[in-house]
Amino acid sequence: MKNGLMTRALLSPLFASKMMLFLFLLLSSWIGSIVAPPTCPAPYPVNIKAPRENLWKPLSQEETWSIEKWLLAQNLNLTTLDTAKLSDNTIYLIELLTPNKTDVLPYIDTTSSNERRSSDPLELTRRQANSGPPARYARVILYMGGLPIPVVKEITVGPLPISNSTTYAPLSYLYQNSTVPGVEGSGVFPFNSRFTTSLESDALYAFILSFTTPLQDVTMDLFGGVYTGSGNDTLTYSYQGPSSFDGNFRRFWLFFVGRGTGAQFLSPIGWFVYVDLSGTDPSKWFLKRIVYNHQVFNSVDEFRSAWANGTLKKGVKADIENTKWAERNRKGTQRSLDDRKAPQSTFSDGSRIKADRDAGYVEWLGWSFWTGFNRDTGVTLWDIRFKGERLIYEISLQEAVAQYAGNDPVQSTTAYLDRHYGIGSEVTPALSGYDCPHQALKLNATYWTESTYHVIPDAICIFELDLGFPTSRHADTTGNWYGATKGTALHIRTMATVYNYDYMFDYILYLEGTIEIRVAASGYLQATYWDDQQANYGTRIEKTTMGSIHSHVLNYKVDLDIQGTSNSLLKTDLVQEEVTLPWSDPEDGVTRQLRADRQWISTESAFDLGNNGQTIYTIGNKNALNAWGYPKSYRIMPGYHTSHNAVVGSQRLLNNARWGEHDLFVLRHKDTEIWSSSTWNQHLPVAPPIDFSKYLEPAEEIDQQDLVVYINVGMHHLPRAEDTPNTLFTDTRSSFFFSPFNYFDDEPSRDITNAILLQGNSEGQYEVAEGGTGDDEQQCLLQSDPMLSYIDHIYYDAPDA
């Protein structure tokens, strides 16, 4: 007993030590199993240095201010905006004048160290020139209201920066028509074609009040509201375009609506006023007529008299107080599980985008490009390369038409050309997590108008997105293997709210060399007043509100450089043939099948992309063949749907949007034909500065030439109840693709590491034969998204203003 006690006493410390060690190891293992994995790499783009300067970068604050100061010192009799009137000479716009392509190519083709050497003799000649960067010039718009015959004047200023060598000259080489009768020189346009600036807005406001205030008793009776300039007004107004045909006058229809947060777009009251605002003297502006309930009155007095004596036929009064149905506030019962956060993009291994933010230069998985931006059309892409080879010199939006229909003075005469109103100036900051992912590369956009330098924060949103489907896959039942390549794409996105509509503009780059250009529309309808006589022109969406039929047609320019600038257009028709084949039995009959009929198009042409998809258009270089003897080419292919203008011959789009008459145009590049439209085409439909149809008069040779594609997207919109309060992006998307077509010898995304190949064995089990990035099992904690803060445009006045 004593020995036994002694034994236990001797063993107890040893036992206790072992137990403590065991518990320590067990606890350590348990703690290790719950210790958080390492933090994931930062999900933000990698900073790099651009290989050279951005030749298309917008002018900086310092450049625009120095140009403004220099112009004020010239013999132009310019007045600063703080003291100016509409009848003075003022500066409206200062922006970069896009350098000529023929000046740019010799420089960028010698400074791009990663470019594969083309066999194109023209390219080789340019490289041998080894020139420096082209001189930088500004495009300046002057409102010359102080001249005996007022005009809008465009000039170039350069070279920049400002020096003793800097001069100004008329900017006319881009226009077919830039003269005004009685005015000496070129680069001038009718003053009545001008964009409405702040100077005119104040005068217009006072002019409208001159007749709406005396009519407040009438408008209160008919519409339940007034417009008197008071903060308590329940009515407001807007106006349509175009306001002229050839610049000899400036007239437009005002339409009045209920005032509200967003709801004004859907609260028309059915009152239309036609005004003449020609010239620079607001005292000479006048009201031409009033239309109410399909009754026409030639003066305010005539309208008031009809109301007072009871001869006015009254329509149904719009309910401008009840606007909740037209606002974006949340409505309805919450759906099951909608209290959980929606899925979002995450980056567990860091961003794969590389960028020089200041230069506007971006690289992504073999792609590279430069960004530009302007007031008229927004973001542009330049020198787009894939695996070191330039595919496209320029992609840019050119114009956006919205033409309406209706049985009222406004919808029946409206044909907007949004370039005039400034698509770029209406770009808004991206909403992180909604417009684009939190981790996106966001670039500011800038432009200068009316002595103010505008900065739009986070305007250009660039991000890689999981497509939700693989780039390619196959399951081979014979060899017992599966393979797939991860599907992702790079999106370059801007959002622009042009009056009522919100446009989403996307340029999308795919892993295998395809480029998609996509547009979608949301926002509000430009609604009109509903009555039975409107039934054939739209859809009733509320008691007195109708969504009118209208067409959106947007025109893009794509300047392709496939293996250099010597390119040709091939049209391939898949046609049915009937043949009797020598190996057929008599009972087989005639074989009916498709045959490819190929034809090189010799001259500039227009095309429509219907025909059941049986016509294929490709642009390629006849002198650059792939391994199988075909010209290296890119295919032009419709996406969701394309559209062109369905109304031909309208006086309001007679010659100013001729690009909208077909789906596709292929033209020869010229430094003098860089746009399909202009800032001034909106109000000059009969005699526009740029009549696109003249680019094809005469149609020039395009065989092995530098070719440019103009292509249209859009939709014909018959509104529906579901367009209230906002039209949906879901079914308004329109797009087209440029895809490799024998450009490579085989499928070019086979070099992608994010792919998998599974090989099965005889037991039905699969093992990874080739697998991803090698880090598929790695775990890390995602970095939290930054605190969100949204700011609108930032305005910088000139230093001495």
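Predicted model, so just to flag it, every value in this text is computed and none were measured.
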Exercise. Any chance the rings of Tyr237 and Tyr227 have centres within less than 6.0 Å?
Worked result: yes
For this session: Count the heavy atoms belonging to other residues, nucleotides or ligands that lie under 6.0 Å from CD of Glu697, then report whether that count exceeds 12.
Result: yes
Seminar exercise, completed: CD of Glu95 to CG of Leu93, rounded to nearest 0.5 Å, is 4.5 Å
For this session: Examine the side chains of Thr212 and Gln216 and answer whether a donor and an acceptor come within less than 3.5 Å of each other.
Result: no
Exercise. Would a distance-only check, ignoring hydrogens and angles, find a side-chain to backbone donor-acceptor pair under 3.5 Å from Thr545 to Ile541?
Worked result: no
For this session: Heavy atoms only: give me the nearest Asp663-Leu609 pair and the separation to one decimal.
Result: OD2-N, 2.8 Å
Problem set entry | Heavy-atom donor-acceptor pair, Asn681 side chain to Ser677 backbone, under 3.5 Å | no
For this session: Indicate yes or no for a side-chain donor-acceptor contact from His662 to the backbone of Ala606 under 3.5 Å, with no hydrogens or angles considered.
Result: no
Exercise. Sequence neighbours excluded, which residues qualify as salt bridge (charged side-chain N to carboxylate O under 4.0 Å, His left out) partners of Glu542?
Worked result: none
Exercise. Would you say Arg375's side chain and Arg419's backbone share a donor-acceptor pair under 3.5 angstrom?
Worked result: yes
Exercise. Does the ring centre of His550 sit less than 6.0 Å away from the ring centre of Tyr501?
Worked result: yes
For this session: Dump the intermediate steps for ring-ring contact (aromatic ring centres under 6.0 Å, His included) on Phe256 and Trp271, then the final yes or no.
Result: CA-CA 6 Å; Phe256 288 81; Trp271 191 40; 4.7 Å; yes
Seminar exercise, completed: Sequence neighbours excluded, the answer for ring pair (Phe, Tyr, Trp, His ring centres under 6.0 Å) partners of Tyr556 is none
Exercise. If you measure only the distance, is there a donor-acceptor pair under 3.5 Å linking the side chains of Ser396 and Gln398?
Worked result: yes
Problem set entry | His683 side chain vs Ser243 backbone, donor-acceptor pair below 3.5 Å | yes
Exercise. Quick one: do the Gln526 and Gln411 side chains pair a donor with an acceptor below 3.5 Å?
Worked result: yes
Exercise. Which value, rounded to the nearest 0.5 Å, describes the distance between Asn77 atom CG and Leu147 atom CG?
Worked result: 8.5 Å
For this session: Quick one: which residue pairs count as a salt bridge (Lys or Arg N to Asp or Glu O under 4.0 Å) with a foot in residues 243-258, not counting sequence neighbours?
Result: Glu200-Arg250, Arg251-Asp276
For this session: Determine, stepwise, if the pair Asp408 / Thr528 fulfils side chain to side chain donor-acceptor pair (under 3.5 Å).
Result: CA-CA 8 Å; Asp408 67 58; Thr528 193; 2.6 Å; yes
Exercise. How are the rings of Phe207 and Trp285 set to each other: parallel, tilted or perpendicular (split at 30° and 60°)?
Worked result: perpendicular
Problem set entry | Steps toward side chain to side chain donor-acceptor pair (under 3.5 Å) verdict (Tyr421, Gln682) | CA-CA 9 Å; Tyr421 303 98; Gln682 166 70 85; 3.2 Å; yes
Problem set entry | Distance (rounded to the nearest 0.5 Å) between Ile690 CD1 and Arg658 CZ | 14.5 Å
Exercise. Is the Tyr524 to Tyr499 ring centre distance short of 6.0 Å?
Worked result: no
Problem set entry | Test item: side-chain donor near acceptor, Asp376 and Thr679, under 3.5 Å | yes
Problem set entry | Under 3.5 Å donor-acceptor, Asp435 side chain and Ala430 backbone | no
Problem set entry | Any Val379 side-chain heavy atom under 4.5 Å of Phe505 side chain | no
Problem set entry | Separation of Tyr529 OH from Gln534 CD (nearest 0.5 Å) | 10.0 Å
Exercise. How many angstroms lie between CG in Leu215 and OG in Ser210, if you round to the nearest 0.5 Å?
Worked result: 10.0 Å
For this session: Return the minimal non-hydrogen interatomic distance between Asn192 and Asn248, and the atom names on each side.
Result: ND2-C, 3.6 Å
Exercise. Which atoms form the tightest heavy-atom contact between Asn309 and Ala306, and what is the distance?
Worked result: OD1-O, 3.1 Å
Exercise. Checking ring-ring contact (aromatic ring centres under 6.0 Å, His included) against Phe297, which of Phe211, Phe303, Trp307 comes through?
Worked result: Phe303
Exercise. Between Asp502 and Thr497, is any side-chain donor less than 3.5 angstrom from a side-chain acceptor?
Worked result: yes
For this session: Compute the ring centroids of Trp253 and Tyr274, then answer whether they are less than 6.0 Å apart.
Result: yes
Exercise. Are a donor atom and an acceptor atom from the side chains of Gln240 and Thr413 found within less than 3.5 Å of each other?
Worked result: yes
For this session: Identify, with sequence neighbours excluded, every residue that meets side chain to side chain donor-acceptor pair (under 3.5 Å) alongside Asp281.
Result: Ser283
Seminar exercise, completed: Those residues at least two apart in sequence (or on a different chain) that pass ring pair (Phe, Tyr, Trp, His ring centres under 6.0 Å) with Phe692 are Phe665, Tyr695, Tyr710
Exercise. Between Ser172 and Ser186, do the side chains contain an N or O donor and an N or O acceptor separated by less than 3.5 Å?
Worked result: yes
Seminar exercise, completed: Here the pair of heavy atoms bringing Phe272 nearest to Pro409 is CD1-CD, 3.6 Å
For this session: Say whether Ser425 and His454, considering side chains only, have a donor N or O and an acceptor N or O under 3.5 Å apart.
Result: no
Exercise. For the side chain of Lys317 and the backbone of Asp221, is there at least one donor-acceptor N/O pair under 3.5 Å apart?
Worked result: yes
Problem set entry | CD1 on Ile711 to CH2 on Trp659, rounded to 0.5 Å | 12.5 Å
Exercise. Looking at Val257 and Pro268, what are the two nearest heavy atoms and their distance?
Worked result: CG1-CA, 3.8 Å
Problem set entry | Stepwise side chain to side chain donor-acceptor pair (under 3.5 Å) test for Tyr416 and Gln403 | CA-CA 6 Å; Tyr416 296 126; Gln403 184 173 15; over 6 Å; no
Exercise. Is the side chain of Arg289 donor-acceptor paired with the backbone N or O of Val273 at a distance under 3.5 Å, no angle test?
Worked result: no
For this session: Return yes if some donor-acceptor pair links the side-chain N/O of Thr724 with the main-chain N/O of Ala721 below 3.5 Å, else return no.
Result: yes
Problem set entry | Pairs meeting criterion salt bridge (Lys or Arg N to Asp or Glu O under 4.0 Å) with involvement of residues 300-310, two or more places apart | Asp217-Arg304
Problem set entry | More than 12 heavy atoms from other groups under 6.0 Å of CG on Asp532 | no
Exercise. Does Gln295 offer a backbone N or O that forms a donor-acceptor pair with the side chain of Asn293 under 3.5 Å?
Worked result: no
Exercise. Where do Phe252 and Tyr239 land on the ring-ring contact (aromatic ring centres under 6.0 Å, His included) test, with the steps shown first?
Worked result: CA-CA 7 Å; Phe252 47 72; Tyr239 51 88; 4.5 Å; yes
Problem set entry | Minimum-distance pair of heavy atoms, taken over all atoms of Ala459 and Ala445 | CB-CB, 3.6 Å
Problem set entry | Worked check of side chain to side chain donor-acceptor pair (under 3.5 Å) between Asp723 and Thr727 | CA-CA 4 Å; Asp723 282 316; Thr727 296; 3.2 Å; yes
Exercise. Using 4.0 Å as the upper bound for N to carboxylate O, is an ion pair formed by Arg139 and Glu154?
Worked result: yes
For this session: Would you kindly say whether Asp233 and Thr236 are connected by a side-chain donor-acceptor distance under 3.5 Å?
Result: no
Problem set entry | Aromatic plane relationship, Tyr143 with Tyr92 - under 30° parallel, 30 to 60° tilted, over 60° perpendicular | parallel
